[in-house]
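Atom set for the values below is all heavy atoms of this structure, side chains included, hydrogens, waters and symmetry mates excluded. The first residue in the sequence is number 1, and the count goes up from there.
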Amino acid sequence: MQNKYLQIYREIADDIREGVYPSQSKLPSEHDLMKDYDTSRETIRKALNLLSQNGFIQKVQGKGSIVLDAKKFDFPISGLVSFKELAGKIGERHRTHVEELELITPDETISRNLGISKGGKVWKTYRVREIDGERIILDKDYFNQTYVEKLTKEICENSIYEYIENELGMTISFAKKEIVVVEPTEEDRRLLHLEGFTNIVVVKNFVYFDDASLFQYTESRHRPDKFKFVDFARRTHG
């Protein structure tokens, strides 16, 4: 049995997508939602928090939960879209260079970030994203092999998300993010065209399937002048 809050989250998200709750309207109160779904306030709040994190609503003090125009947030460079989808929308010349791809026994940090028990394996892939001849993003991805059994260089060059969703039949749902600005490492300088920049923007993503299974941890390292962030990340399924 899936978590009740995830079921409520999905039902309300679907209602918002379908216009049952139009943009700028208010969701029913927590109390009314508790009655509608016959559940606790804590469960409703968890569902609302997830709706807020993924760009469906904005909680406003004294006004409740305001529905956002979800379509506005489909296209941030650091959102939950694949690089292939992103580059296709902006129409610029783009390439993905696979620098590393191997199945590894993860170190303590990666094991902790992915919640992997001892003996678990992880796919490690480092990919450099080139747009209009400039290498501007380094994606360091780690995938739990329990969920993604096999990866190839061809899949990594094309779109791992496309492979997971179309070939494996899994639904990528939401991500938790952390953003930091750091000095570039030697690896950053070697793999990216940093053009003298002394900082790099690092977006750490913890990405989940729709059953709340954590399957991917990513460090996406961006040249700062090419970085754009919108703080809603959700996977859009047409």
Side-chain angles (χ1 to χ4, degrees), residues 74-104 106 110 113-114 121-145 147-175 177-180 182 184-195 197 199-209 215-230 233-238:
D74 283 351
F75 177 51
I77 201 167
S78 56
L80 205 48
V81 292
S82 72
F83 178 78
K84 182 181 178 182
E85 292 166 328
L86 168 71
K89 286 186 179 182
I90 57 182
E92 298 179 67
R93 291 182 299 115
H94 61 89
R95 286 184 65 192
T96 290
H97 304 271
V98 179
E99 300 289 340
E100 291 186 43
L101 173 62
E102 59 178 324
L103 188 62
I104 63 167
I110 299 303
N113 285 339
L114 274 173
K121 296 282 189 179
V122 168
W123 283 104
K124 167 188 170 184
T125 175
Y126 286 11
R127 293 175 293 172
V128 171
R129 315 302 199 163
E130 178 183 311
I131 297 181
D132 283 346
E134 289 191 291
R135 295 177 174 227
I136 58 170
I137 302 168
L138 168 59
D139 282 336
K140 301 167 75 165
D141 295 295
Y142 302 90
F143 294 90
N144 187 338
Q145 195 201 15
Y147 304 108
V148 184
E149 189 173 342
K150 182 183 177 187
L151 279 181
T152 65
K153 186 180 179 188
E154 290 70 31
I155 291 167
C156 295
E157 284 175 339
N158 181 44
S159 170
I160 296 175
Y161 278 12
E162 198 172 281
Y163 167 71
I164 287 172
E165 293 185 326
N166 296 345
E167 299 297 323
L168 301 186
M170 309 289 276
T171 301
I172 300 167
S173 183
F174 61 95
K177 293 174 174 284
E178 298 173 11
I179 303 178
V180 292
V182 299
T185 64
E186 287 301 314
E187 181 179 60
D188 294 328
R189 295 188 187 282
R190 176 169 55 84
L191 294 176
L192 299 178
H193 296 148
L194 288 183
E195 311 294 344
F197 283 98
N199 288 320
I200 198 158
V201 181
V202 181
V203 182
K204 299 178 181 181
N205 281 293
F206 301 80
V207 191
Y208 297 77
F209 289 127
F215 74 96
Q216 176 190 6
Y217 170 70
T218 298
E219 286 186 16
S220 192
R221 305 175 73 85
H222 298 250
R223 201 174 87 185
D225 65 319
K226 299 292 186 181
F227 176 76
K228 175 186 175 186
F229 180 67
V230 179
R234 60 182 172 75
R235 189 77 179 135
T236 304
H237 300 280

With side chains defined as the heavy atoms from C-beta onward, is the minimum distance between [X] and [Y] less than 4.5 Å?
X: Thr125; Y: Ile160; answer: yes
X: Tyr161; Y: Val207; answer: yes
X: Phe209; Y: Ile172; answer: yes

Next item on the list: Go through the structure and list residues passing side-chain hydrogen bond (donor to acceptor under 3.5 Å, both in side chains) with Glu149, not counting sequence neighbours.
Entry: none

Check: Between Arg129 and Asp139, is there a donor-acceptor pair closer than 3.5 Å when you use the side chain of the first and the backbone of the second?
Finding: no

Next item on the list: Would you please name every residue forming a salt bridge (charged side-chain N to carboxylate O under 4.0 Å, His left out) with Lys140, sequence neighbours left out?
Entry: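 For Lys140, the residues satisfying salt bridge (charged side-chain N to carboxylate O under 4.0 Å, His left out) (neighbours in sequence not counted) are Glu187.
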
With sequence neighbours left out, what residues match [X] under side-chain contact (heavy atoms from CB on, under 4.5 Å)?
X: Asp188; answer: Leu138, Pro184, Thr185, Leu194, Ile200, Arg221
X: Glu167; answer: Tyr163
X: Glu154; answer: Thr152
X: Asn113; answer: Thr109, Phe206, Tyr217

Spacing of [atom1] belonging to [X] relative to [atom2] belonging to [Y], to within rounding of 0.5 Å:
X: Tyr126; Y: Leu191; atom1: OH; atom2: CG; result: 9.5 Å
X: Phe215; Y: Tyr208; atom1: CZ; atom2: OH; result: 11.0 Å
X: Glu102; Y: Trp123; atom1: CD; atom2: CH2; result: 9.5 Å
X: Glu165; Y: Thr171; atom1: CD; atom2: OG1; result: 7.0 Å
X: Lys153; Y: Leu101; atom1: NZ; atom2: CG; result: 9.5 Å
X: Glu134; Y: Glu195; atom1: CD; atom2: CD; result: 5.5 Å

Item checked: Identified side-chain hydrogen bond (donor to acceptor under 3.5 Å, both in side chains) counterpart of Asn205 within the set Glu219, Lys177, Gln216 ->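 Output: one option passes, namely Lys177.
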
Checklist line | Electrostatic pair Arg135:Glu99 at N-O distance under 4.0 angstrom | finding: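 Counted as a salt bridge, because a side-chain N and a carboxylate O are separated by less than 4.0 Å.
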
Note to self: Please evaluate residues Ser220 and Ile137 with respect to the criterion side chain to side chain contact (heavy atoms under 4.5 Å, CB included), reporting the C-alpha separation (whole Å), side-chain torsions for both, the decisive distance (0.1 Å), and the verdict.
What the structure shows: CA-CA 7 Å; Ser220 192; Ile137 302 168; 3.7 Å; yes

